[in-house]
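All remarks here apply to the structure that follows.
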Number of protein chains: 2
Amino acid sequence: MSSTLVENIIQAIRDEIRNGYLVAGQRLVVAELSKKYDVSFGPVREAIRRLAGEGYLEFVPHKGASVKGFGEKEVREYFALREALEGYVAKLAAENIHRSDYREQMLAMQKVLNEQMLSSVIETSIEVRQQFHDVMYVIAGNDLVKEAAQRYTFPLQRSAFSRQAGKERIKASLHEHNEIIDAILAGNGVQAERLMRSHLRNRAQAYLEMMDELQQSGDNVA
Amino acid sequence: MSSTLVENIIQAIRDEIRNGYLVAGQRLVVAELSKKYDVSFGPVREAIRRLAGEGYLEFVPHKGASVKGFGEKEVREYFALREALEGYVAKLAAENIHRSDYREQMLAMQKVLNEQMLSSVIETSIEVRQQFHDVMYVIAGNDLVKEAAQRYTFPLQRSAFSRQAGKERIKASLHEHNEIIDAILAGNGVQAERLMRSHLRNRAQAYLEMMDELQQSGDNVA
DNA sequence: AATGCTAGATTATATTACAATCTTAATCAA
DNA sequence: TTGATTAAGATTGTAATATAATCTAGCATT
């Protein structure tokens with residue numbers, strides 16, 4: 001519990017979006033949210049403005065707010081942006097790997113990745129990948145880049161797609177992760193960046209293929 | 001004029017921040033803004049929430065909003081992030097330079113840059129640099145990267161510092177711009193990215209030096 | 001002198017009631 | 001079928017009011 005209603009509502013809506021309970025394109029009606037959270041309009045309107053500012057919601061004057069949706073174009077752009085950000089993070093991580101106990105952290109992370117990523121529980125697989133990225137952010141040592149990377153990563157992790165990856169795709173992804181980690185451990189920033197970018201291009205390809213498959217099977221995901 | 005009061009107030013405050021009329025650390029009191037813009041509390045609070053979400057304002061529950069300030073650590077991180085983003089944009093631009101009439105646009109931009117950037121009117125110099133980046137974003141053809149780059153660029157353009165650059169620094173900057181443009185025109189993405197990163201590292205250095213100078217001359221910029 | 005405390009002023013937070021405006025979709029007429 | 005009208009739903013904005021958190025100044029204690 002935060003100290004104000006607005007903060008609570010911001011957190012609640014943000015969580016619902018990140019966890020996929022609010023689908024892309026879904027409209028957020030002030031009156032409904034007001035009833036749902038049992039508060040007056042003011043706090044709800046403020047929360048919506050905040051989340052629109054953060055980029056979670058689309059806001060059109062006189063029409064209202066809706067969860068930002070994205071089609072093929074947006075997915076391509078999200079992955080391209082992640083190439084820029086996470087590629088750079090990998091580079092920074094490689095350059096910092098000799099400091100502190102970063103090498104030990106990364107080795108431990110690699111161990112966990114190889115043990116858990118092929119888990120049959122999809123949530124575990126997603127979770128462990130997230131942990132890997134978090135470790136990288138820490139080693140890179142740039143809070144702002146971390147914030148930016150997270151801001152532009154969420155919409156892809158969520159959504160049905162992330163849970164659809166087949167065994168072979170995850171296996172390929174794991175192999176790519178190991179390559180990246182090796183480059184970071186070797187302190188080879190240029191290679192780490194190249195591999196991370198390549199990895200994300202491959203994942204983008206896989207993601208788009210999954211979109212197509214689901215699209216054709218009649219699912220409507222705005 | 002936008003279509004709603006809130007949009008107007010958002011724009012007004014954002015402009016005041018970008019133009020340096022609101023200093024870092026300055027508090028934004030709802031009642032005062034309400035009187036200043038002659039509106040009730042609601043729209044003001046919404047505008048503040050929005051700008052906090054965009055990162056222009058710092059917001060602490062029960063205490064209120066203030067213009068986000070940043071010290072050396074933040075400046076380093078902002079420039080590092082821009083290295084990642086704008087370096088990537090430069091790479092994309094180089095890869096796309098042969099499409100459409102991008103080559104002509106870039107050449108025109110280069111002409112304007114060389115004619116105007118050394119203008120004695122500082123605003124012109126800043127403006128023309130902004131235009132260059134905008135052209136790059138267009139050629140790169142990724143709206144999301146553009147959005148991200150702009151989101152994390154504003155706090156540096158604004159502020160007194162940008163207006164303090166000496167003639168030699170601007171001259172150096174111009175030279176770097178020309179190098180980058182040449183690489184883009186040559187379709188050499190790898191080099192364009194390297195040069196852009198190098199450019200931003202140099203600008204970061206200059207910016208930090210300016211901060212020191214102003215700091216010692218007694219100015220307090222939170 | 002430094003610290004701690006209290007009272008009052010300021011500011012933020014939130015509700016309620018009301019009115020105006022805009023959008024959208026349904027309805028009705030040409 | 002098209003186009004105008006209308007009605008409902010939603011957003012936008014004001015104003016008055018009340019409560020809660022925070023800050024500040026002044027006073028007292030150590």
Side-chain angles (χ1 to χ4, degrees), chain A residues 1-17 21-71 220-222, chain B residues 1-17 21-69 220-222:
Chain A
M1 286 284 191
S2 296
S3 51
T4 71
L5 285 183
V6 182
E7 303 292 328
N8 288 338
I9 298 170
I10 290 170
Q11 192 58 49
I13 296 178
R14 190 163 36 204
D15 284 347
E16 293 212 349
I17 293 175
Y21 294 113
L22 286 174
V23 202
Q26 184 150 145
R27 293 193 58 196
L28 298 185
V29 179
V30 177
E32 288 175 10
L33 296 173
S34 169
K35 190 169 284 185
K36 174 174 178 181
Y37 294 111
D38 194 32
V39 297
S40 57
F41 288 3
V44 173
R45 294 178 54 83
E46 286 182 38
I48 285 176
R49 291 283 183 187
R50 166 83 199 204
L51 291 170
E54 288 184 13
Y56 286 86
L57 303 179
E58 196 122 18
F59 188 89
V60 181
H62 291 127
K63 291 186 64 175
S66 54
V67 179
K68 217 183 224 173
F70 46 101
N220 63 327
V221 182
Chain B
M1 285 286 188
S2 297
S3 50
T4 71
L5 274 186
V6 182
E7 303 292 329
N8 288 337
I9 298 171
I10 291 170
Q11 192 58 50
I13 297 178
R14 190 163 34 205
D15 284 347
E16 292 213 347
I17 294 176
Y21 295 112
L22 286 174
V23 203
Q26 183 151 147
R27 291 193 60 196
L28 298 185
V29 179
V30 177
E32 287 176 11
L33 295 175
S34 168
K35 190 169 285 185
K36 174 173 178 182
Y37 294 110
D38 193 33
V39 297
S40 55
F41 287 4
V44 172
R45 290 180 59 84
E46 285 183 40
I48 286 175
R49 290 284 182 187
R50 166 81 198 205
L51 291 169
E54 288 185 12
Y56 286 84
L57 302 180
E58 195 122 17
F59 187 90
V60 181
H62 291 129
K63 291 186 65 177
S66 53
V67 179
K68 210 185 228 173
N220 63 327
V221 182

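Below, chains carry the letters A, B, ... as their sequence lines are ordered, and counting in each starts from 1.
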Considering only side-chain heavy atoms of A/L5, which listed nucleotide, D/dT14, C/dA14, D/dA10, is closest?
-> C/dA14

If every non-hydrogen atom of B/V6 is compared with every non-hydrogen atom of B/A47, which pair is closest and at what distance?
-> CG1-N, 4.1 Å

Pick base, sugar-phosphate or nothing for B/I9, based on heavy-atom distances below 4.0 Å to the nucleic acid.
-> nothing

Rounded off to whole Å, could you give me the NZ-to-P distance for the B/K35 and C/dA12 pair?
-> 13 Å

Is any side-chain heavy atom of A/I17 closer than 4.5 Å to a side-chain heavy atom of A/L57?
-> yes

Taking side chain as C-beta onward, heavy atoms only, is A/Y56 less than 4.5 Å from A/K68?
-> no

Quickly work out the A/E46 CD to D/dT12 P distance and round it to whole Å.
-> 14 Å

Per B/V30 side chain, nearest of listed nucleotides C/dT13, D/dT11, C/dA12 | C/dA12

Nucleotide D/dT11, atom P - distance to CG of A/L57 in whole Å = 12 Å

Rounded to the Å, how far apart are B/L33 CG and C/dT10 P?
-> 18 Å

d(CG, A/D38; C1', C/dT16) in whole Å = 14 Å

Find out whether B/V44 and B/V39 are in side-chain contact, i.e. whether some heavy atom of one side chain is under 4.5 Å from a heavy atom of the other.
-> yes

If you measure from the Lys or Arg side-chain nitrogens to the Asp or Glu carboxylate oxygens, is any gap between A/R50 and B/E46 under 4.0 Å?
-> no

Over how many whole Å does the gap from A/R50 atom CZ to C/dT13 atom P extend?
-> 13 Å

May I have the distance from B/N8 (atom CG) to D/dT11 (atom C1'), rounded to whole angstrom?
-> 16 Å

For the side chain of B/V6, counting heavy atoms from C-beta on, which of D/dG13, D/dT11, C/dT13 is nearest?
-> D/dG13

Walking DNA chain D from its 5' end, the first of B/G42 and A/G64 to be reached, judged by nearest nucleotide, is A/G64

B/E7 CD to D/dT12 C1', in whole Å, measures 11 Å

Determine, for B/E58 against B/R27, whether the closest basic-nitrogen to carboxylate-oxygen distance falls under 4.0 angstrom.
-> no

Mind checking B/I48 for me? I need base, sugar-phosphate or nothing, with any heavy atom below 4.0 Å counting as a touch.
-> nothing

Extract from the structure each pairing of a protein N or O with an N or O of nucleotides 18-26 of chain C at less than 3.5 Å, listing the distance.
residue : atom : partner : partner atom : Å
C/dT24  : OP1  : A/K63   : NZ           : 3.1

Check ion pair B/E7-A/R49 (N to O, under 4.0 angstrom) | yes

Report the nucleotide, chosen from D/dA10, C/dA14, C/dA12, that has the shortest atom-to-atom distance to any side-chain atom of A/S40.
-> C/dA14

When B/L51, B/L28, B/I48 are each screened for side-chain contact (heavy atoms from CB on, under 4.5 Å) with B/F59, the one that passes is B/I48

Hey, what are the protein-to-nucleotides 4-7 of chain D N/O distances that come in under 3.5 Å?
none

If every non-hydrogen atom of B/P61 is compared with every non-hydrogen atom of A/T4, which pair is closest and at what distance?
-> CB-CG2, 3.9 Å

Is there side-chain contact between B/R14 and B/E54, with heavy atoms separated by less than 4.5 Å?
-> yes

Is the distance from OP1 or OP2 of D/dT12 to the nearest side-chain N or O of A/R45 less than 4.0 Å?
-> yes

